[in-house]
Amino acid sequence: MSQSVLQILTAHLGAAFAELDLPKDYGRVSVSDKTSPFQCNGALAAAKLAKKAPRDIAAQVVEQLESNKDIISADIAGPGFINLVPSEELLTKRAGELLADERVGACVAEITEKIVIDFGGPNVAKPMHVGHLRSSVIGDCLQRLLRFRGHDVISDIHLGDWGLQMGHLITELEDEQPDLPYFDGDVTDSYPEKSPVSIDDLARLYPQASGKAKDDPDRMARSRKATSELQAGREGYKALLEHFIQVSIAALKKDFSALGVHFDLWKGEAAVDPLIPDMIEQFKKDGHTELSDGALIIRVAEDSDKKDLPPLILISGAGAALYATTDLATIKDRRENLNPDTILYVVDFGQSSHFEQVYRAADKTGLFPREKLEHIKFGTVNGKDGKRFRTRAGGVMRLSDLLSQARDAATKRLDEAGLAQDMGAEERTEIARKVGLAAIKFSDLQNVRTTNYIFDLERFTAFEGKTGPYLLYAAVRIKSLLRKAQAAGVNPGAITPTHKAEQRLVLALDSFNRALATAEAKRMPHILCEHVYTLAQAFSKFYADCPVLQDGVPDETKSSRLALAALTLKQLEIGLELLGIETPERM
RNA sequence: GCACCCGUAGCUCAGCUGGAUAGAGCGCUGCCCUCCGAAGGCAGAGGUCGCGCGUUCGAAUCGCGCCGGGUGCACCA
């Protein structure tokens, strides 16, 4: 792919600095929101090295650019800023290149890798709530983005289906239905095919059990015992676990499908349990482990640490494998079966030190290089009080409730606007679904990943301003325009951006690749959100200022503007798809 | 106590490797549909960038110290 306007200008400015025997790095051009679309501040930085006044350097640089056909004006402002305006010819040329490109300017990454991305991470016992939204939506956006950038991506939901929570479920179920064959030690096979529990049962049993165990040591001891028996291979418990997992997966698939989120692998912690004994044997043999207070640990603290990082516990004093153990086994599994270059974990930042322990242990034991394991951390979803989000009842809001509320709000909006009267019920429902989802996903993704944010249902389901529906609205208006153009027999042609709003739109389109590359490098979806929003804004301005099909518009202008609109739609739809947002035909 | 993250307009948030009068959205005050979809566009009011030192020609951005909020600190996941 050829160069963006920004890159071309940077090359010109770099050359100009080089002519003055100054490093060409000073020619770096940046976008400006001031009087001109671009600026270069290199003259100020170069002043010390050149031992000249910044304005003098700027003047000499500008002199170099006088006959440059790509730059229509280069003005010095303030202490030595160089304001740059690209020529119409350059914009025309660039618009033509974008028009001819299937990916509307988006390149493939220079180095492509095989990347495993671990996100979602729901527990089998707990229904999805709003807290799962971030990992799911961010993870999904990243998998789409990384694929689009040319990487070989494998997504894995990494179910929480192992450990103490299973012990809780088993023992709590035993209290409720003690006659089930799973609890009879003498029965070792031919268990019922049908699960003794539904997803609602699981959702009830787990909090019930953990609540009891919290202030009842004996109850906790029973759960621990069941956990270790399960891990030791007790048949009845294993059969129960299998039911729990299958019931949960069926429910989760509904939730994730409603969210539009896909996973390549539906593996969980239980799946890697068989790898643990050999893995630990190897660790022991290589001298990485030691016994401490009855637990088998790996020390991961380093001298350079500012704080004391506790050791990673492989086997608890009670003989159970823990969270970190299965995470290590999962790395081993992935290395042996998938052999990825990098593994990404999209998990909230509360688990930073856990991952630090796991990554160090993986590195120390030779399982996986530390720098290729990345914790893509994100902040918590808080309520208006700044604390972790809770519903008025004190519980967490179910994800399915959030989705239906957004859909209802979208339906209401559709009715109010008096739009879509002529549509069938089916299309209306579908539009409401897409609009509601767009609202939710965009409001989540536009936040900087690493910070907490305040969850406000009203804002999550808002349709005006910087929202998902605003983006869809822009796309839908273009689609409508294209339909009208086709009916009128107007065809798209070469783009000649003469109007200011057209030029702004071309420049917005031209910054797509940069946004994608930055979003990828930082694993930050909000950067893509910013781009798509800026693009939609530039289009809305263009749409208001530049009539396309109206009477009195010259044919060539019609064709040019139509092509520009179509090009915008193409990039908008790619961008939205990368965010995991579907675009309706109308709304 | 120690470590990490955060503190920008009334509210919710952007601000890229330091650069000019700090930007959006919501809310508020005015405009703009005989004209391609007003879920839109335009204009306006609104900010000691938590506080203080320091580095620099230049700091919301970098360093240090406070204050305030969140999170985590060995056998839960």
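We use all heavy atoms of the structure for the numbers below, so side chains are in, but hydrogens, waters and symmetry mates are not.
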Should the pair Asp551(A)-Lys558(A) be classified as a salt bridge under the 4.0 Å nitrogen-to-oxygen rule? no

Donor-acceptor pair under 3.5 Å, Ser540(A) side chain vs rG41(B) base: no

Candidates rA39(B), rA74(B), rC16(B) - which lies nearest the side chain of Tyr473(A): rA39(B)

List in chain and number order the residues that pass ring pair (Phe, Tyr, Trp, His ring centres under 6.0 Å) with Phe244(A), two or more places apart in sequence or in another chain; answer none if no residue qualifies. none

How is Tyr470(A) classified with respect to the nucleic acid when contacts are heavy atoms under 4.0 Å: base, sugar-phosphate, or nothing? sugar-phosphate

Nearest-angstrom distance, C1' atom, rA59(B) to rG15(B): 14 Å

Which part of the nucleic acid, if any, lies within contact of Gly317(A), taking any heavy atom under 4.0 Å across all strands shown: a base, the sugar-phosphate backbone alone, or nothing? base

Contact summary for Phe81(A) and Gln39(A), nearest pair of heavy atoms: CD2-OE1, 3.9 Å

Stems where RNA chain B pairs, listed by first number, each of three or more Watson-Crick or G-U pairs under 3.5 Å: B:1-7 with B:67-73, B:10-13 with B:23-26, B:28-32 with B:40-44, B:50-54 with B:62-66

With a non-hydrogen cut-off below 4.0 angstrom, is Cys529(A) in contact with a base, only sugar-phosphate, or nothing? nothing

For nucleotides 67-70 of chain B, give me every protein contact, N/O to N/O, under 3.5 Å, one pair per line with atom names.
| from | atom 1 | to | atom 2 | distance (Å) |
| --- | --- | --- | --- | --- |
| rG70(B) | OP1 | Lys387(A) | NZ | 2.5 |
| rG70(B) | O2' | Asn452(A) | ND2 | 3.2 |

Base, sugar-phosphate, or nothing for Ile313(A), non-hydrogen atoms under 4.0 angstrom? base

With a cut-off of less than 4.0 Å, is there a side-chain N or O of Tyr543(A) near OP1 or OP2 of rG37(B)? yes

What is the distance from NE2 of His354(A) to P of rA77(B), rounded to the nearest Å? 10 Å

Check the distance between rC57(B)'s C1' and Phe81(A)'s CZ and give it to me in whole angstrom. 11 Å

When you get a sec, tell me which of rA74(B), rA38(B), rA77(B) is the closest nucleotide to the side chain of Pro311(A)? rA74(B)

side-chain hydrogen bond (donor to acceptor under 3.5 Å, both in side chains) partners for Gln405(A), two or more places apart: none

Provide the distance between the two C1' atoms, one in rG50(B) and one in rG69(B), to the nearest whole Å. 11 Å

Would you tabulate the nitrogen or oxygen pairs shorter than 3.5 Å linking the protein to nucleotides 59-61 of chain B?
none

Regarding the side chain of Leu481(A), the nearest nucleotide among rC36(B), rC6(B), rA74(B) is rC36(B)

With respect to the side chain of Gln39(A), which nucleotide from rA77(B), rU17(B), rA20(B) is positioned closest? rA20(B)

For residues 306-325 of chain A, which residue pairs qualify under ring pair (Phe, Tyr, Trp, His ring centres under 6.0 Å), counting only residues two or more places apart or in two chains? Tyr323(A)-His354(A)

Hey, does the side-chain of Asp308(A) have a donor or acceptor N/O within less than 3.5 Å of a partner on the base of rA74(B)? no

Taking every heavy atom of Ser135(A) against every heavy atom of Phe119(A), the minimum-distance pair comes out as O-CD1, 3.4 Å

Length of the CG-P vector between Leu44(A) and rG18(B), whole Å: 14 Å

Over 12 foreign heavy atoms within 6.0 Å of CD, Gln486(A): no

Specify the separation, in whole Å, of atom CG of Leu309(A) and atom C1' of rC4(B). 12 Å

Would you measure the distance from the C1' atom in rA24(B) across to the matching atom in rC5(B) and give it in whole Å? 24 Å

For rC49(B), glycosidic torsion class - syn if within 90° of 0, otherwise anti: anti

Contact check, residues 206-213 of chain A vs RNA chain B, heavy-atom distance under 4.0 Å, returns none

rG54(B) to rU71(B) separation - P atoms, rounded to the nearest Å: 35 Å

Which part of the nucleic acid, if any, lies within reach of Leu549(A) when heavy atoms closer than 4.0 Å are counted: base, sugar-phosphate only, or nothing? base

Tell me the interatomic distance from Phe442(A), atom CZ, to rU12(B), atom C1', rounded to whole angstroms. 13 Å

Measuring only the C1' atom in each nucleotide, how far is rU29(B) from rC35(B)? A whole number of Å is fine. 27 Å

Take atom P in rC33(B) and the same atom in rG47(B), then report the distance between them in whole Å. 32 Å

Using the P atom as the point on both nucleotides, what is the distance between rC13(B) and rG46(B), in whole Å? 24 Å

With a 6.0 Å cut-off on the ring centroids, do Tyr453(A) and Phe378(A) count as close? no

In Å, rounded to the nearest 0.5 Å, how long is the span from NE2 of His168(A) to OG of Ser223(A)? 4.5 Å

Can you list everything that forms a side chain to side chain contact (heavy atoms under 4.5 Å, CB included) with Lys479(A)? Sequence neighbours excluded, please. Arg483(A), Leu569(A), Glu573(A), Thr583(A), Glu585(A)

Do the side chains of Lys377(A) and Asp348(A) get close enough for a salt bridge, i.e. N-O under 4.0 angstrom? no

Check the phosphate of rA38(B) against Arg477(A), side-chain N and O only, distance under 4.0 Å to OP1 or OP2. Yes or no? yes

For residues 291-301 of chain A, which residue pairs pass the side chain to side chain donor-acceptor pair (under 3.5 Å) check, not counting sequence neighbours? Glu290(A)-Arg299(A)

Whole-Å gap separating C1' (rC36(B)) and CG (Leu564(A)): 14 Å

Given atom CD1 of Ile57(A) and atom C1' of rG19(B), what is their separation to the nearest angstrom? 15 Å

Sequence-distant partners of Lys364(A), side-chain hydrogen bond (donor to acceptor under 3.5 Å, both in side chains), two or more places apart: none

Under the ring pair (Phe, Tyr, Trp, His ring centres under 6.0 Å) rule, collect the residues that match up with Phe539(A), sequence neighbours excluded. Phe542(A), Tyr543(A)

Taking every non-hydrogen atom, the tightest pair across Met587(A) and Pro469(A): CE-O, 3.8 Å

What are the atom names and distances for every N/O pair under 3.5 Å that joins the protein to nucleotides 23-29 of chain B?
| from | atom 1 | to | atom 2 | distance (Å) |
| --- | --- | --- | --- | --- |
| rG25(B) | O2' | Lys466(A) | N | 3.4 |

Measure from CG on Asp293(A) to P on rC75(B) and round the result to the nearest Å. 11 Å

rU61(B) versus rC16(B) - spacing of their P atoms, nearest Å: 11 Å

Does Ala462(A) reach a base, just sugar-phosphate, or nothing at all? Heavy atoms under 4.0 Å. nothing

Mind checking Asn83(A) for me? I need base, sugar-phosphate or nothing, with any heavy atom below 4.0 Å counting as a touch. base

Report, as yes or no, whether the 6.0 Å neighbourhood of atom CD on Glu302(A) holds more than 12 heavy atoms from other residues, nucleotides or ligands. yes

Give one of base, sugar-phosphate or nothing for Ile527(A), where a contact means two heavy atoms less than 4.0 Å apart. nothing

Atom pair CZ (Arg28(A)) and CG (Leu6(A)), whose distance is rounded to the nearest 0.5 Å: 9.0 Å

